[in-house]
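Inspection log for the structure reproduced underneath, given as structure tokens.
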Amino acid sequence: MLKPIEVLSLYPPHDGSLGGSLASRAAAAPDRDFLIFSDGATTYREFLRQVERAAAMLAARGVNPGERVGVMSHNHPSTVALFFALARLGAVMVPVNPDYGAEEAGYVLSHAEVCGVLASPETIDTVRAGCARLARAPWYMLNAPGPGGLPVFADALAVAPAQAPPPIGAADATCVLIYTSGTTGFPKGVMHRQQSVVLAGEGFVERMHLQPDDRMLCILPMFHINALFYSLAGALAAGATLILEPRFSASTFWKTVAETRATEVNTLAAVSSILIRRPREEFVPGHDLRKIYGAPLTDEHYRVFREEFGVPHLIEGYGMSEIPGVLNMPFAGPHKPGSMGRPSRHPDHSMPFAEMKVVDDAGNALPDGETGELVVKTPIVMQGYFRDPEQTAAAFHDGWFLTGDLGRRDRDGFFWFVARKKDIIRKRGENISGAELDRVIGAHPAVLEAAAIPVPAELGEDDILVAIVRRPDAALEAGEVAEWCRARLAPIKVPRYVAFVDALPHTPTHRVAKFKLRADPSLKARAVDLAR
């Protein structure tokens, strides 16, 4: 096995841009498969040519440096090509959750002021409805043949100008806006430069000891930092192969692993929990899967994946949309299951990389063993929140990013998560804003006040409980709350539990005291479980 720095040394130096990194790998391994989707494979040389043609096509459509182009689809090769083509032009990709409704998608697409959108046939109607509020109507394109006579990405490439525009997207150019939920109830656009993606991929080579012959299975959505910054960027950095699946399927997971000869996959806690509870008849022995990155992992996860499924390496870590890949369990050990690991390193160990400390409310560093807020310094840090200088400034203190998470460090330098300081609910790998749920549910004519809080889920992470005060003389049932949410929110944001209460606790400044709701064990017991 090559050392991580030896893997990077296989490829020519580059300028830190996405295009430079791709050209470096294509020069050294042109005929190696870079991207596999369904039954088709694309080599590094072929993919580089696709990117050049896509850049020519986008330039002909008038996409200029700094402009934003949305993409709303489940995982598809066109998303990857679009990402690199926009980066070549110095433009920005805005990935949108394909499960969003028109209101949610519309907020993201209008806030980003996209000039165009690449959509799947299944999402194009939602995209059109969501873009209705834009002052300048964007152009639309499909990633597969569909209704309406809209151009299809592959067909557009076939007739694109033969001469690609010269690459102008530099390492420091913004290349992606990842919209993440915030405590204001409205998503914030996290801006990342090209070099952040490249460095995250190189860091993932160190984290997972990726090799050029690794075959990395991507089952997580490409509107997540995990898929973009770890799976895609990691495969690129290692000169490895990315196997792209449209979405996670629990029933066919092991069949896919065996058929694709995947050696590495990234998961979430909920994905891992689902797999260990699936019928063992679905498991396919004799697979090549050797490495899994995912968090948080329990003792049961370790036992089942190692002993029953034969996967020897399970690596936990910690990151956020704003600060990808900050902590990880050292690949070669020591391991402390349940911890978030130590600060991540670059394959070149002399390069300054992630730093983390635990501080009190005044920003003073706390000694090992004490709980405080986790703060971070890393070269893979967001450039800021798009068009939100106030929130950007509030996210940093003396150059340190404030995570809003509480944790502690032990004397061996391992960090342990304690609780979330922000009003965020973590469900199946998604950050869901409690404030957004409060606002949407509170708009129901029968609701006087609503407060959404996280409660532990059976499969790990959180489920959503909403406590509701009805308006006087109003009739409202739990099922009606769910229907109201389904009509306005993505399915993942629909509460599982609904508790009707006479009043909500408040702070002296008249905010709902959610910490009191979280501390009330009887609330969940009294709630209606909509999953039953």
Next item on the list: Quick one: do Tyr293 and Tyr230 satisfy ring pair (Phe, Tyr, Trp, His ring centres under 6.0 Å)? Show the steps, please.
Entry: CA-CA 9 Å; Tyr293 174 73; Tyr230 307 157; 5.7 Å; yes
Next item on the list: Go through the steps to decide whether Leu406 and Leu374 satisfy the test side-chain contact (heavy atoms from CB on, under 4.5 Å), and finish with yes or no.
Entry: CA-CA 6 Å; Leu406 302 176; Leu374 301 172; over 6 Å; no
Next item on the list: Go through Lys336 and Asp410 one step at a time and tell me if the salt bridge (charged side-chain N to carboxylate O under 4.0 Å, His left out) criterion holds.
Entry: CA-CA 11 Å; Lys336 291 192 176 186; Asp410 66 22; 2.8 Å; yes
Notebook entry, point to check: Taking it one step at a time, do Thr256 and Glu245 satisfy side-chain contact (heavy atoms from CB on, under 4.5 Å)?
Noted result: CA-CA 9 Å; Thr256 299; Glu245 286 292 298; 3.7 Å; yes
Next item on the list: Tell me, with the steps shown, if Phe415 and Met356 meet side-chain contact (heavy atoms from CB on, under 4.5 Å).
Entry: CA-CA 9 Å; Phe415 286 83; Met356 177 173 279; 3.6 Å; yes
Notebook entry, point to check: Where do Lys514 and Asp438 land on the salt bridge (charged side-chain N to carboxylate O under 4.0 Å, His left out) test, with the steps shown first?
Noted result: CA-CA 11 Å; Lys514 289 192 175 183; Asp438 299 348; 2.8 Å; yes
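Counting non-hydrogen atoms of other residues, nucleotides and ligands closer than 6.0 Å to CZ of Arg280 gives a total above 12. Other residues, nucleotides and ligands contribute only 12 or fewer heavy atoms inside 6.0 Å of the CG atom of Asp299. Counting non-hydrogen atoms of other residues, nucleotides and ligands closer than 6.0 Å to CD of Glu282 gives a total above 12. For Asn364, the CG atom counts as densely surrounded, since its 6.0 Å shell holds more than 12 non-hydrogen atoms of other residues, nucleotides or ligands.
Contact between Gly407 and Val358 at its shortest, heavy atoms only, is O-CG1, 3.4 Å. Closest approach of Leu109 and Cys131 over heavy atoms only: CD1-SG, 3.7 Å. In plain terms, the two heavy atoms of Glu104 and Ala490 that are nearest each other are OE1-N, 2.9 Å. Annotation for Glu316 and Pro337: closest pair OE2-CA, 3.8 Å, computed over non-hydrogen atoms. Here the closest heavy-atom approach between residue Met329 and residue Phe414 is recorded as SD-CE2, 3.7 Å. Nearest heavy atoms, Thr403 versus Ile323: CG2-CD1, 3.9 Å.
Contact of the Ile292 side chain with the Asn266 side chain is not registered, since no non-hydrogen atoms from C-beta on lie closer than 4.5 Å. Residues Val71 and Val96 fail the side-chain proximity criterion, which asks for heavy atoms closer than 4.5 Å. Residues Val271 and Arg428 fail the side-chain proximity criterion, which asks for heavy atoms closer than 4.5 Å. Within the 4.5 Å cutoff, the side chain of Leu232 has heavy atoms near those of the Val80 side chain. Within the 4.5 Å cutoff, side-chain heavy atoms of Val69 are placed close to those of Leu82. Taking the side chain as every heavy atom from C-beta outward, Phe401 and Val375 never approach each other to under 4.5 Å. Put simply, the side chain of His74 reaches to within 4.5 Å of the side chain of Arg247, judged on heavy atoms. By the 4.5 Å heavy-atom criterion applied to side chains, Ile432 and Leu437 are counted as neighbours.
Ion pairing of Arg345 with Glu206 is present here, as a side-chain N (NZ or NE/NH1/NH2) and a carboxylate O approach within less than 4.0 Å. Ion pairing of Arg518 with Asp462 is absent here, as no side-chain N (NZ or NE/NH1/NH2) approaches a carboxylate O to less than 4.0 Å. Using a 4.0 Å cut-off between charged nitrogen and carboxylate oxygen, Arg486 and Glu483 count as a salt-bridge pair. Between Arg409 and Asp368 there is a salt bridge, since at least one side-chain N of the basic residue sits less than 4.0 Å from a carboxylate O of the acidic one. Taking a cutoff of 4.0 Å between a charged side-chain nitrogen and a carboxylate oxygen, Asp412 and Arg342 do not qualify as a salt bridge.
Under the ring pair (Phe, Tyr, Trp, His ring centres under 6.0 Å) criterion, Phe283 pairs with Trp254, His287, Phe309, not counting sequence neighbours.
Between the side chains of Tyr385 and Glu322, at least one donor N or O lies within less than 3.5 Å of an accepting N or O. In summary, the side chains of His301 and Ser273 do present a donor paired with an acceptor at a separation below 3.5 Å, with no hydrogens or angles considered. No side-chain N or O of Ser120 forms a donor-acceptor pair with one of Asn143 less than 3.5 Å apart. A donor atom on one side chain and an acceptor atom on the other are not found under 3.5 Å apart for Tyr140 and Arg128. If you check the side chains of Arg290 and His313, you find no donor sitting under 3.5 Å from an acceptor.
Both cation-pi conditions hold for Arg470 and Phe500: the charged atom is under 6.0 angstrom from the six-membered ring centre and inside a 45 degree cone around its axis. A cation-pi contact, defined as under 6.0 Å to the ring centre and within 45° of the axis, links Arg488 to Trp484.
With rounding to the nearest 0.5 angstrom, the OG atom of Ser321 is 8.5 Å from the CZ atom of Phe229. The distance from the CG atom of Leu268 to the CD atom of Glu430 is 9.0 Å, given to the nearest 0.5 Å. Distance check: Asn75 CG to Leu242 CG gives 9.0 Å after rounding to the nearest 0.5 Å. Put simply, CD on Glu202 and CG on Leu210 are 11.5 Å apart, with the number rounded to the nearest 0.5 Å. Between the OH atom in Tyr179 and the CZ atom in Phe223 there is a gap of 15.0 Å [rounded to 0.5 Å]. Note that CD of Glu355 and NZ of Lys357 are 9.0 Å apart. Values are rounded to the nearest 0.5 Å.
Glu67 contributes no side-chain N or O that, together with a main-chain N or O of Val92, makes up a donor-acceptor pair within less than 3.5 Å. In this structure, Ser433 contributes its side chain and Glu436 its backbone to a donor-acceptor pair below 3.5 Å. The main-chain N or O of Glu461 is never found under 3.5 Å from a side-chain atom of Lys427 such that the two would form a donor-acceptor pair. Put simply, the side chain of Thr180 never gets that close to the backbone of Lys188: no donor and acceptor are under 3.5 Å apart. Judged by distance alone, with hydrogens and angles left aside, the side-chain atoms of His444 form a donor-acceptor pair with the main-chain N or O of Ala446 at under 3.5 Å. A donor-acceptor pair under 3.5 Å is formed between the side chain of Lys291 and the backbone N or O of His209. Within the 3.5 Å criterion, the main-chain N or O of Phe331 finds a donor-acceptor partner in the side chain of His335. Remark: the backbone N or O of Asp388 is paired with a side-chain donor or acceptor of Thr392 at under 3.5 angstrom.
Among Arg496, Lys493, Arg426, the one residue that satisfies the salt bridge (charged side-chain N to carboxylate O under 4.0 Å, His left out) test with Asp463 is Arg496.
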